[in-house]
There are 2 protein chains.
Amino acid sequence: MTTVLIVDDQPLQRYGFHLLLDSVPETVVVGEAAHGAEAVRKTAELRPDVVLMDVRMPGMDGIEATRRIVAAGGRSRVLVLTTFDLDEYVHAAIRAGASGFLLKDARPEELLAGIRSVASGDAVIAPALTRRLLDEYARYVPAHRADSPEDPGLGSLTDREREILVAVGKGWTNGEIATRFVLSESTVKTHVGRVLAKIGARDRIQAVIFAYDHGLARPNED
Amino acid sequence: MTTVLIVDDQPLQRYGFHLLLDSVPETVVVGEAAHGAEAVRKTAELRPDVVLMDVRMPGMDGIEATRRIVAAGGRSRVLVLTTFDLDEYVHAAIRAGASGFLLKDARPEELLAGIRSVASGDAVIAPALTRRLLDEYARYVPAHRADSPEDPGLGSLTDREREILVAVGKGWTNGEIATRFVLSESTVKTHVGRVLAKIGARDRIQAVIFAYDHGLARPNED
DNA sequence: GGGCACGTAGTACCGCGGTACTACGCGGCA
DNA sequence: TGCCGCGTAGTACCGCGGTACTACGTGCCC
């Protein structure tokens, strides 16, 4: 039995989903919300397995609501729905931590299958969107492991050296690394030098690039 | 009517797929192949809408075969199948240009729905794999457009400055940039200085990070 | 006990990178 | 006509980064 919270600003739309979900035995609608803020509050209160979330809503939109629900850390999964297959929505929803993204014109059985997948911890993407997602994925995600036969050095780095490389990847200067790691700058230089030699980088800039290419450095932190 | 080429080294497996696909009116099996090389040849010859590709095969594996089929530029789409949900396979298959990735334990209707999606130009990913794919996607794909409200400076960069930033993002030294752009090193320094000021970076390292975070620099080129 | 990997630390040297400031030609616009 | 943005170029200065080399303590394994 999967508990579902329906979030949509249009009462008629909510009604339609409610009817659909009640028509099958495996899902039960435990609540409805008309906007983002209410969605966040009711999710915390009702702890549904799945939150069926519309993107476009007045006030707090579905993306922001998703972000907050995911950040709250409960076990509720968010399945985002939209009428338009705009890339920005998909992109933002994924970054917000959504477990799925479907179009509202999906067939009923697709929606139910999606809810089922999301409830069981998997994720779903509408086929019409998957194409572009994969293209972007292939463009950006580095070809670490199994693809590039020999990552020169990565494996030969010691734990400490890998830590240093990550720090370099964050753009920290030797002095900053020394301070944060509580080391002398000399030591940092020694480490950095060894890292550069091992990964075959001529300077820390190429080390930063190496770190990004191998997934050691990531956007959005620091 | 969707034409399908079945690629699998195990005759019994091929037989199973053949039976399944022949049991519905919308698909017709136009051929079979037992290994990668045969798959590439028969795809070129039979021009199927969809190639049902096993990953694990003796000789040329499914990934390499996929790469060649996609590279050939025909209109055949490749739907990769595997028994194991190893990340490396998914990763490699996507990079090879596959239009879909399903597990062999998928229910028949899932497989047929997948073939349908792929034939119509969309893509599919098994729900069990989508979760990890999305996580990785969110990790790596930059938050360009619509996500970060104010890219400080990116828009204020002139065309030339953006070129310079991309070059910096590749890890090139000022001297190298000067050579490749046929400029004096002084000019390059002037440009780099202005770029740093505009994007709010204190040195070229943070400019590299900025470039990666904003999708100006990407893995796998140079 | 001796060797070895690793993390730590130091000194000395040099060059690239970054800053500050000036300068000029070109095209567009008021 | 003059101003301004842009791309180009130069000089001077300084500091961080990188290299080379040495050194020592600790833990591990033969």
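Throughout, protein chains are lettered first and strands after them, A, B, ... in sequence-line order, and every chain is numbered starting at 1. Below, all heavy atoms of this structure are taken into account, side chains as well, without hydrogens, waters or symmetry copies.
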Under 4.0 Å between any heavy atoms, over every strand shown, what does Thr190(A) touch: base, sugar-phosphate, or nothing? Just pick one.
-> base
Which whole-number value in Å describes the distance from Ile177(B) CD1 to dG18(C) P?
-> 10 Å
How close or far is atom C1' of dA9(D) from atom CZ of Phe181(B), stated in whole angstroms?
-> 17 Å
NA contact type, Ser184(B), heavy-atom cut-off 4.0 Å: base, sugar-phosphate, or nothing?
-> sugar-phosphate
Separation of dG17(C) atom C1' from Trp172(B) atom CH2, nearest Å, is 18 Å
What integer distance in Å separates Arg194(B):CZ from dG17(C):C1'?
-> 17 Å
Separation of Asp159(B) atom CG from dG7(D) atom C1', in whole Å?
-> 12 Å
Roughly how many Å is it from CD1 in Ile205(A) to C1' in dG17(D), rounded to a whole number?
-> 9 Å
To the nearest angstrom, the CG-C1' distance between Asn174(B) and dA9(D) comes to 14 Å
Shortest side-chain distance from Arg160(B), nucleotide among dG18(C), dT8(D), dT8(C) | dT8(D)
Identify whether the distance between the nearest side-chain nitrogen and carboxylate oxygen of Asp9(B) and Arg14(B) falls below 4.0 Å.
-> no
Return the value, rounded to whole Å, for the distance between atom CG of Leu196(B) and atom P of dT19(C).
-> 6 Å
Are OP1 or OP2 of dT8(D) and a side-chain N or O of Thr187(B) less than 4.0 angstrom apart?
-> no
Respond yes when some side-chain nitrogen or oxygen of Arg204(B) is under 4.0 Å from OP1 or OP2 of dG18(C), and no when none is.
-> yes
Heavy-atom nearest nucleotide on DNA chain D taken for Glu161(B) and for Lys189(B); more 5' hit belongs to Glu161(B)
